[in-house]
Structures are given as structure tokens and as C-alpha cells.
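Below, each value reflects all heavy atoms present in this structure, side chains not excepted, and no hydrogens, waters or symmetry copies. Position 1 is the first residue of the sequence, and the numbers go up from there. Owing to the predicted nature of the structure, the values given are computational and were not obtained by experimental measurement. In each ligand, atom 1 is the first atom listed, and ligand 1 is the first ligand listed.
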Amino acid sequence: MARSRQPLIAGNWKMNGLRADALALATAVAEGVKRAGWTDREILVCPPATLLMAVAEAMKGSGVLVGGQNCHADASGAHTGDISAEMLRDASASHVIVGHSERRTDCGETDAAVRAKAEAAWRAGLLPIVCIGETLAEREAGRTLQVLETQIKGSVPAAATAAKLVVAYEPVWAIGTGKTPTVAEVAAAHAHIRKVLSGLVPDADAVRLLYGGSVKGSNAGELLAVGDVDGALIGGASLKADEFLAIAKAA
Ligand code: PEP
């Protein structure tokens, strides 16, 4: 079943990269992907918004897609410092990450705000990657599955279908820490996410579920082999072309 869902390997560069370094990284990723010649997986990088157009240009001919890291729910207007889904699309993005835990924490984004951003992505013709994940305290209190369920029900818009949605499970305590859940814990979380989605999305079996949190070349194989894991969302390791390509290879 899992292989009927095309794996998606997505790099989240976060607030990293000035033009010269970012273009060197993008060029190395583009060349590696071209060399590999994969046709059975999607590769995406989400650079800072300032670099979207330049990175998109560097990726031309490689098949590597580019995406945004966040968007505002509105198409335009008086929202100083924000960026709309339409602007991302105009800058060559095909995807946008919404509800990353850093934004939920740093900017107080609620499930309702994340849902509105996912709807904005659709309006602009982007594919939203909706992020969910429990904190360490929630895991230690045995509340992981309940937290994921609440986040899915609050963050996934009612009209979602597999073609319009990617969900990324990112345990907050695993992001940037070098810690990962066990394979069994990832499998349990992903199975639960798919079960919850089956009550919301008509073709839930076809929704791609990414795992994110300290994925690197050396652990990607075992994480991506979990039945309900259809790809990865990668932070730190996506800033090194070799690591990112090793993860893509493992898909
Ligand atoms: C992320 O921020 O989405 C992420 C998964 O980060 P890292 O890979 O560095 O843990």
C-alpha cells in the first residue's frame, strides 16, 4: 500500500541561507537529483522566502520542487511582514509548510489558524504540508495519540482529499535534537494519524504522511521503511547536500 503513495522528501531550510550559500546548496542538490535520475519520488526544498525565486531558477531542469515555509491566510492586505500563498505561488512555489511547531510556538499559531493557511494554499494552487506533533511533556503523559487527533481535526480543512493534502508528523522533542522516536513509536503515530484521517478525508489511504524530526542519512532507511511513512520533512540535514541526497536515496 505504502508504495502506491509517491514518497516526498522535503527539506525545510528554516531561517538559514544567504544567497551565495543557498545557491551553492541548491545547485549541489539539483546536480545530485539529476545524476540519480529518480522518477519514483518527489524532492522538495523550502528555502527562506527571500531565496525562493533564485532557488527555483537553480533547480530548473532537475525536477526538484520549491516551497514556502509559511503563508498568511489572506491573499493580500494590511499584514506587514507577512507573505501570502499567492505570493509564494508567484515566486514558483508548488508547496507550503503550514503549522510547523516552531511557528505554533514562536507565533502562537492555533489549529484554526493552520487550517485557514491550508485553505489559503489551496486557493493559490499550492499543496499544503500540515505539521502536527506532540511535545515531550505530552508524550511522557501518554497523550501523544490524543494530541495528534486534536491537531488533525483542528488543522485539516473539511474539503481535504489526498491530492490536496500532505501531513507531516513531527514530534516537537525530536526536532533539531538528534533524538528520534523508535520505529514502533513512529509506526503507531502514523497508523493513528491515518485512522483519524479516515474519518475526515474520503481517500485517506492515499494521503502522504511524512515523518520529521532529526532525520539524517544514517537513520532514514529504517524510518522510511515504516509502512505508513511516505517520506520525510528534514530540517538540519537538508542544509547539507550529501545528507539530503542520502535521505532521498533511502526513500
Ligand atoms: C523540521 O524542522 O521540520 C525538522 C524536522 O528539523 P530537524 O530535521 O533538524 O529535526
Problem set entry | Hydrophobic cluster partners of W173 (side-chain heavy atoms under 4.5 Å) | L136
Side-chain donor-acceptor contacts of residues 241-250 below 3.5 Å, not counting sequence neighbours, with atom names and distances?
residue : atom : partner : partner atom : Å
E243    : OE1  : G217    : N            : 2.8

Side chains of residues 58-68: which donor-acceptor pairs under 3.5 Å do they make with residues two or more places apart or in other chains?
residue : atom : partner : partner atom : Å
K60     : NZ   : E57     : OE1          : 3.1
S62     : OG   : M59     : O            : 2.5
S62     : OG   : V64     : N            : 3.1

Exercise. Is it true that a side-chain atom of N12 and a backbone atom of K14 form a donor plus acceptor pair closer than 3.5 Å?
Worked result: yes
Exercise. Looking at side-chain heavy atoms only, is the closest gap between L51 and R19 below 4.5 Å?
Worked result: yes
Exercise. Using a 4.0 angstrom limit on heavy atoms, which residues are close to ligand 1?
Worked result: N12, K14, H100, E170, A174, I175, G176, G212, G213, S214, L233, I234, G235, G236
Exercise. For D111, which of K153, Q151, R104 qualifies under side-chain hydrogen bond (donor to acceptor under 3.5 Å, both in side chains)?
Worked result: R104
